[in-house]
Amino acid sequence: MQPAQQIISKALSSADGETVSVHLSSGQTIEGTVTTDGDGTATVTETGGTVWTVPAAYVTAVGVA
């Protein structure tokens, strides 16, 4: 895993259970509650109920929603 991916993975793990904004390499931003299971992916559940499974490799930043 690249150092940048390790930082993003740690940020996602630290945000586990919190409502955050997840910025993707595609330019899209998803806001919702993040859960991680340690396999390099995060699940983000938006307020409206949409669930996203996002590999850490596609996350460029994690911020406060």
Side-chain angles (χ1 to χ4, degrees):
M1 187 180 294
Q2 298 296 322
Q5 286 180 297
Q6 289 177 336
I7 292 168
I8 292 293
S9 291
K10 285 181 183 178
L12 289 168
S13 294
S14 295
D16 193 37
E18 300 292 329
T19 300
V20 296
S21 58
V22 178
H23 303 268
L24 306 179
S25 57
S26 64
Q28 185 175 8
T29 300
I30 303 169
E31 285 192 7
T33 304
V34 67
T35 54
T36 59
D37 54 13
D39 68 351
T41 62
T43 302
V44 182
T45 305
E46 292 182 311
T47 306
T50 304
V51 177
W52 301 81
T53 301
V54 183
Y58 293 104
V59 177
T60 57
V62 178
V64 177

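All figures in this text were calculated on a predicted structure; none of them were measured in a lab. When a residue number appears, it is its place in the shown sequence, counting from 1.
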| remark: Contacts of T29 meeting side-chain hydrogen bond (donor to acceptor under 3.5 Å, both in side chains) (sequence neighbours excluded), chain-then-number -> H23

| message | Under 4.5 Å side-chain heavy-atom separation, chaining through any Ile, Leu, Val, Met, Phe, Trp or Tyr, what else clusters with V64? Say none if it is isolated. | response | none

| field | Selection residues 52-65 - residue pairs positive for side-chain hydrogen bond (donor to acceptor under 3.5 Å, both in side chains), sequence neighbours left out | value | E46-W52

| said: Going by side-chain contact (heavy atoms from CB on, under 4.5 Å), name the residues that satisfy it together with L24, two or more places apart in sequence or in a different chain. | reply: V22, S26, Q28, I30, V54, V59

Review item, side-chain donor-acceptor pairs of residues 11-20, under 3.5 Å, at least two apart:
from, atom 1, to, atom 2, distance (Å)
S13, OG, S9, O, 3.0
S14, OG, K10, O, 2.9
D16, OD1, T36, N, 2.9
T19, OG1, T33, OG1, 3.4

| Partners of D39 by side-chain hydrogen bond (donor to acceptor under 3.5 Å, both in side chains), sequence neighbours excluded? | T41

